[in-house]
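Below: one structure, written as structure tokens.
Keep in mind it's a predicted model, so treat the numbers as computed, not measured.
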Amino acid sequence: MVNGAARAGIFCATLAVSLPFLSGTVFGASGNALQAPSFSDPDLRLDKPDLTGLRAIRFLTSDDYPPLDFALSDGTLSGFNVEIARAVCEELQIGCTIQARRFDTLIDSLMTGKGDAVVASIAATPESRARIDFSQPYYQTPARFVVRKNAAPLVPTESGLKGRTVGVVGGSAHEAYVTTFFPSARTRPYPSVSALETALRTGEIDVAFADGLTMSVWLNGKASAECCGFSGGPYCESRYFGEGVGIAVRTDDNQLRKALNWALARLFSKGLYSEIYLKYFPIGFY
């Protein structure tokens with residue numbers, strides 16, 4: 001699920017306003033404060049766009065990417081992306097439909113008019129922007145350090161990681177980031193995320209650096225055996241970890257893009273985004 005700054009340790013919260021503000025504090029069952037990100041400047045007031053002619057939005061998504069988009073046993077679509085789409089339609093007070101298609105057909109389906117927007121975790125890369133446009137981001141995939149609970153405390157600086165072994169997925173942006181910004185650490189590459197997770201759970205390594213969203217889902221599931229937790233970060237450097245994920249629209253559909261941006265900003269300001277985010281990611285990845 002996942003693309004730096006001139007120095008290591010640059011965090012999302014210290015970057016430009018296009019990156020998330022930490023807001024939407026909610027208290028979990030343990031009484032601990034949980035924070036959800038916001039990708040909308042809380043001081044920015046957007047005028048409601050002209051919705052003339054916009055009577056409904058036909059959303060396209062996939063159904064095989066839990067917890068972002070998936071089908072329930074009765075075929076109903078669910079997931080973080082799906083609930084964001086439904087909340088957008090409620091905010092705009094217009095009807096919407098959400099149809100699942102194979103992920104590799106979504107952009108073509110959008111461009112040929114089979115839908116109006118795609119909410120399926122399509123990253124806003126230069127390659128995708130050459131074909132389609134995007135709303136403002138509604139989530140990113142920051143990198144995070146994950147540490148075994150019985151390990152020595154992590155100091156996420158070049159000197160703090162000197163000589164320490166850090167597991168990564170071989171050939172990934174995360175390996176490149178550690179090599180560039182923490183050169184005194186010893187990277188240990190693994191062939192896949194699942195192999196990296198197993199190495200952490202079994203104690204083969206006590207530190208990993210990987211995609212925060214993926215690791216959040218793992219940490220919240222039984223497979224992790226409650227072995228580990230996040231430490232340091234989040235790291236959002238766009239050259240390594242991407243610009244974020246928005247709702248995809250056709251390049252000529254400025255009206256819909258502006259409407260989506262307005263609705264997303266309202267979800268952030270009203271706290272509705274926080275509720276959806278924490279429902280699917282109780283262990284936040286920011």
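- Salt bridge annotation for Lys279-Glu83: present, with a cationic side-chain nitrogen under 4.0 angstrom from a carboxylate oxygen.
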Item to complete: Given side-chain contact (heavy atoms from CB on, under 4.5 Å), test Leu200 with Arg148 step by step and report yes or no.
Response: CA-CA 7 Å; Leu200 261 180; Arg148 285 186 57 81; 4.1 Å; yes
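- Residues Asp253 and Lys258 are not paired through a salt bridge, judged by the lack of any N-O separation under 4.0 Å between the basic side chain and the carboxylate.
- A distance of 6.0 Å or more separates the ring centres of Phe230 and Phe285.
- No donor-acceptor pair under 3.5 Å is formed between the side chain of Asp69 and the backbone N or O of Asn81.
- When atom types are taken as modelled, the side chain of Arg58 and the backbone of Gly113 share a donor-acceptor pair closer than 3.5 angstrom.
- Annotation for Val155: hydrophobic cluster partners, listed by chain and number, are none (ILVMFWY side-chain heavy atoms under 4.5 Å, direct or chained).
- Between the side chain of His174 and the main chain of Val169, no donor-acceptor pair closer than 3.5 Å is present.
- Counting only distance, with no hydrogens or angles, the side chain of Gln255 and the backbone of Asp50 share a donor-acceptor pair below 3.5 Å.
- In this structure, the side chain of Thr180 does not engage the main chain of Tyr177 through any donor-acceptor pair within 3.5 Å.
- A donor-acceptor contact shorter than 3.5 Å links the side chain of Ser135 to the backbone of Ile247.
- In this structure, Tyr139 has its ring center at least 6.0 angstrom away from the ring center of Tyr277.
- A donor atom on one side chain and an acceptor atom on the other are not found under 3.5 Å apart for Glu197 and Tyr190.
- At distances below 3.5 Å, not a single donor-acceptor pair connects side-chain atoms of Ser216 with backbone N or O atoms of Gly212.
- In this structure, Phe281 has its ring center closer than 6.0 angstrom to the ring center of Phe80.
- Not less than 6.0 angstrom separates the ring centroid of Phe181 from the ring centroid of Phe209.
- Between Arg250 and Asp116, at least one side-chain N (NZ, or NE/NH1/NH2) sits under 4.0 Å from a carboxylate O, which counts as a salt bridge.
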